[in-house]
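Data block below; observations after.
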Amino acid sequence: MSELSVNHLLGIKYLKESDIQLIFETADHFKEVINRSIKKVPSLRDITIANIFFENSTRTKLSFELAEKRLSADVINFSASQSSVTKGETLIDTVNNILSMKVDMVVMRHPNPGAGIFLSKHVSASIINAGDGAHEHPTQALLDSYSIRERLGDVAGKNVVIVGDILHSRVALSNIFALKLQGANVKVCGPKTLLPKYVESLGVGVEINLRKALEWCDVANMLRIQNERLDISYFPTTREYTQQFGVNKKLLDSLDKEIVIMHPGPINRGVEITSDVADSKQSIILNQVENGVAIRMAVIYLLASKIKQ
Ligand code: CP
């Protein structure tokens, strides 16, 4: 297969396994490009991309912008807090105004689940979901799987546990879809109050004992508590959460094997992960960030190829 089966990247849910493999093969090429002395290719000189962020971001925003610039696309950035959204302008009006400036592709982060899907039905540009509320964060899941493949050789057959606030996490849902599609075994671990009731229907196991989860897995993906989405108290105190669900060096060293530690960021050091684990050689957290640029270059390049047809 040489092209994606989709015209937008709205969620992993809409991808086929062959789409993921095509993105990874394309990212392999771009990873080689961004490690050269000249890190840029002229592929998208005729494409204009708008990054529109209605929610804060460090990694995703910078990574998309860098990926676009490495591909030689023209880039405009929009931050809702500094825009006329604060004066009451709607999402569709905002995006249509941006598109009037002849924009081909929109990368959007939005607090509302389904915002990207909604937009794709109302505008002509290709849409990439850079995180929509607690729904999906597809490029994060792609770079996570790509990083597992890079460290362990393959994703299929690997045991992956996702630890923490699964209920409010778009990273968890996109990772579950991506890992299952590639044949990994997936478990979730966290306080019962932060595990969605439907989670087992997604084909994942539940383990509420962190030690047992770590003994089972090859990879542990540690998530932070999404405090900005918590409407009520889901566990007694942060200290108790850390005691039960935080990973520390003593716990890792007591396992009879070396597991891979991941985190999508931002990290709350000392809560879900201690500094000595985050900065250890078992951690691939910064490899994930590095791979994010190559993965986003691949996604943008493949979607732009469909616009050009
Ligand atoms: N992983 C991630 O989405 O980080 P940001 O919120 O900083 O983009």
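Indexing begins at 1, ligand by ligand and atom by atom, following the structure's order.
Aromatic ring orientation, Tyr301 versus Phe30: perpendicular (interplanar angle above 60°, classes split at 30° and 60°).
Sorted by first and then second residue, the pairs that involve residues 282-291 and meet salt bridge (charged side-chain N to carboxylate O under 4.0 Å, His left out), not counting sequence neighbours, are Lys31-Glu290. Under the ring-ring contact (aromatic ring centres under 6.0 Å, His included) criterion, the residue pairs touching residues 163-185 are His168-Tyr234, with sequence neighbours excluded.
In this structure, a donor-acceptor pair under 3.5 Å is present between the side chains of Tyr146 and Asp28.
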Show, in sequence, the C-alpha distance, side-chain angles and deciding distance for Lys69 and Glu65, and conclude whether the salt bridge (charged side-chain N to carboxylate O under 4.0 Å, His left out) test is met.
CA-CA 6 Å; Lys69 289 180 171 168; Glu65 188 173 345; 2.7 Å; yes
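By the side-chain contact (heavy atoms from CB on, under 4.5 Å) test, Glu17 is found to be paired with Gln21, Leu181, Gln182, residues two or more places apart in sequence or in another chain being considered.
Around ligand 1, the residues contributing at least one heavy atom under 4.0 Å from the ligand are Ser57, Thr58, Arg59, Thr60, Arg109, His137, Gln140, Pro264, Gly265.
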